[in-house]
Protein chains: 2
Amino acid sequence: MTGDTQHPIDPASSTGTGTAVTRKGSKTRTLILRTAMTQFGEQGYRGASLRDIAARCRISHPGLLYHFPNKEALLLAVLAHRDAVDRAEHSIADDAGLDVFRRFVRSAAVNQGRRGIVELFVVVSAESTSVEHPAHQFFQLRYARIVDEVTQAYTVAQAAGETVDGLEPRVAAQQFIALMDGLQIQWLLDTTAVDMPSVLRSHIESTLTATL
Amino acid sequence: MTGDTQHPIDPASSTGTGTAVTRKGSKTRTLILRTAMTQFGEQGYRGASLRDIAARCRISHPGLLYHFPNKEALLLAVLAHRDAVDRAEHSIADDAGLDVFRRFVRSAAVNQGRRGIVELFVVVSAESTSVEHPAHQFFQLRYARIVDEVTQAYTVAQAAGETVDGLEPRVAAQQFIALMDGLQIQWLLDTTAVDMPSVLRSHIESTLTATL
DNA sequence: CCTACCGATCGGTAGG
DNA sequence: CCTACCGATCGGTAGG
């Protein structure tokens with residue numbers, strides 16, 4: 001956000017980690033990312049069109065391609081942007097033991113107010129199971145990372161004597177992540193059917209001897 | 001499968017529940033359904049094309065549209081066909097209490113040998129959370145039905161004193177279905193990472209006092 | 001950021 | 001079931 005110049009320095013090369021360069025370019029870029037998030041979530045990667053996303057941002061679709069080199073880069077930028085925003089919101093510092101679980105429950109509560117984000121991850125992660133999908137590697141790495149994180153949290157809790165007897169940290173972590181994902185589908189299909197954070201909390205507490 | 005005539009009687013009007021009419025037409029129809037299942041699973045509803053599905057069946061795409069009136073009807077026929085086949089495989093008769101859980105575990109074991117089926121339901125159910133998706137109502141009804149079924153199973157088990165203390169049948173059912181769905185995503189992303197039936201069984205047993 | 005344009009592909013219909 | 005065709009839409013590029 002610093003060192004602005006009137007003309008952007010190759011903004012097309014930034015696929016998500018790069019910071020936008022002009023004030024206006026930065027705002028447009030963010031608007032595109034937010035709009036694309038909604039469209040990818042509602043229509044899926046293939047179903048969403050650059051023209052539609054661009055029109056909602058009141059620019060032409062070649063205008064959009066001035067900010068992102070192609071559709072694939074746009075999707076990856078959207079996903080990276082979401083992760084970056086989430087990391088900023090739940091300052092990832094508090095990363096030990098039970099705090100990990102508290103963070104996931106808090107995140108579920110917040111996301112119940114942001115359907116678009118839930119849709120994005122549910123739809124695109126499902127699509128991404130196909131090997132040719134542009135986000136295939138992204139989600140493979142993401143799941144490996146998250147399962148490891150929760151496994152570590154269960155391992156710490158177990159060492160502190162806070163887990164139920166016979167708990168297997170890795171399997172418990174897989175179950176926890178699976179539960180999160182599955183609840184999101186049910187919630188999207190009927191937002192009144194499930195309260196995600198409370199179901200998550202009660203599941204976590206059934207695996208722990210401590211209260212969350 | 002009976003009463004064959006040389007010429008089909010309006011096969012285009014059957015969207016899944018209707019039986020095909022000619023011997024050859026029936027075989028082609030089944031081939032289309034199987035091929036479409038794979039393509040809808042790998043590419044999603046919008047990503048899959050009638051031309052591609054037809055080509056894999058070695059017919060033209062208007063040829064495909066002779067069997068199914070349009071793309072939407074094809075998708076619904078695929079989903080209905082899968083449910084019908086599943087119902088036939090796991091004779092739905094044994095519908096009481098713990099047998100319901102045993103059936104889900106068995107189904108998970110079988111599906112680990114049939115990636116295409118898992119892909120179909122993971123991808124299309126995620127897409128279907130969008131209100132305009134052609135399978136939106138199908139999955140809304142499907143989830144309501146399945147959650148009810150498992151709720152009933154837990155209720156029966158609870159009345160028999162076979163559930164852990166404080167179990168809430170409906171919440172437990174939502175958790176169980178969510179777990180199934182979430183495990184499928186992790187399994188599709190890395191088939192070596194999770195053994196779905198064993199994780200399901202261990203979860204079920206953690207909610208019961210009886211052994212499955 | 002824009003207009004103009006490209007080739008490719010889409011679902012569906014006409015008419016046999 | 002087929003060929004031929006329709007209008008619509010797609011991602012991306014040329015050239016400013």
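Just so it is clear: chains get the letters A, B, ... in the order the sequence lines come, proteins before strands, and each one is counted from 1. Side chains are part of it too, since the values below use all heavy atoms of this structure and drop only hydrogens, waters and symmetry mates.
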Under 4.0 Å, counting only non-hydrogen atoms across every strand here, what does A:Ser49 touch: a base, just sugar-phosphate, or nothing? sugar-phosphate
Classify the nucleic acid contact of B:Ala48 as base, sugar-phosphate or nothing, counting any heavy atom under 4.0 Å across all strands shown.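 Sugar-phosphate, no base atom in range.
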Output all residues satisfying salt bridge (charged side-chain N to carboxylate O under 4.0 Å, His left out) with A:Arg145, sequence neighbours left out; order by chain, then residue number. A:Asp83
Looking only at the side chains, is there a donor atom on one of B:Asp190 and A:Gln140 sitting less than 3.5 Å from an acceptor on the other?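 There is no such pair (donor and acceptor under 3.5 Å, judged by atom type) between the side chains of B:Asp190 and A:Gln140.
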Distance-only side-chain donor-acceptor flag, B:Gln184 / B:Asn111, under 3.5 Å: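 No, because no side-chain N or O of B:Gln184 sits under 3.5 Å from a partner of the opposite role on B:Asn111.
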Look at the side chain of A:Ser130 and the backbone N and O of B:Glu42, then say whether any donor-acceptor pair between them is shorter than 3.5 Å. yes
Judged by atom type as modelled, is there a donor-acceptor pair below 3.5 Å linking the side chain of A:Thr151 to the main-chain atoms of A:Val147? yes
Just the dot-bracket of DNA chain C, please: which string comes out with Watson-Crick or G-U pairs under 3.5 Å, [ ] for crossing, | for another strand? ||||||||||||||||
Nearest-angstrom distance from the residue atom [atom1] of [X] to [atom2] of [N]:
| X | N | atom1 | atom2 | result |
| --- | --- | --- | --- | --- |
| A:His67 | C:dC2 | NE2 | P | 8 Å |
| A:Ile53 | D:dT9 | CD1 | P | 16 Å |
| B:Arg46 | C:dT9 | CZ | C1' | 16 Å |
| B:Asp52 | C:dG11 | CG | P | 10 Å |
| A:Leu64 | D:dC10 | CG | C1' | 14 Å |
| B:Gln39 | C:dG11 | CD | P | 12 Å |

Should we count CD of B:Glu168 as having more than 12 external heavy atoms under 6.0 Å? no
Over 12 non-hydrogen atoms of neighbours within 6.0 angstrom of CD in B:Glu89: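 Enclosed.
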Of B:Tyr45 and A:Ile32, the one whose closest DNA chain C nucleotide lies more 5': A:Ile32
Between A:Phe101 and A:Phe176, is the gap from one ring center to the other below 6.0 Å? yes
Distances for protein N/O vs nucleotides 12-16 of chain C N/O pairs under 3.5 angstrom?
| unit_1 | atom_1 | unit_2 | atom_2 | d |
| --- | --- | --- | --- | --- |
| C:dG12 | OP2 | B:Lys71 | N | 2.8 |
| C:dG12 | N7 | B:His61 | NE2 | 2.7 |
| C:dG12 | O6 | B:His61 | NE2 | 2.9 |

Using a cut-off of less than 4.0 Å, is there contact between a side-chain N or O of B:Ser60 and OP1 or OP2 of D:dC1? no
Please say which of B:Phe139, B:Phe40, B:Phe138 ends up in a ring pair (Phe, Tyr, Trp, His ring centres under 6.0 Å) with B:Tyr45.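 Of all the options given, the one that passes is B:Phe40.
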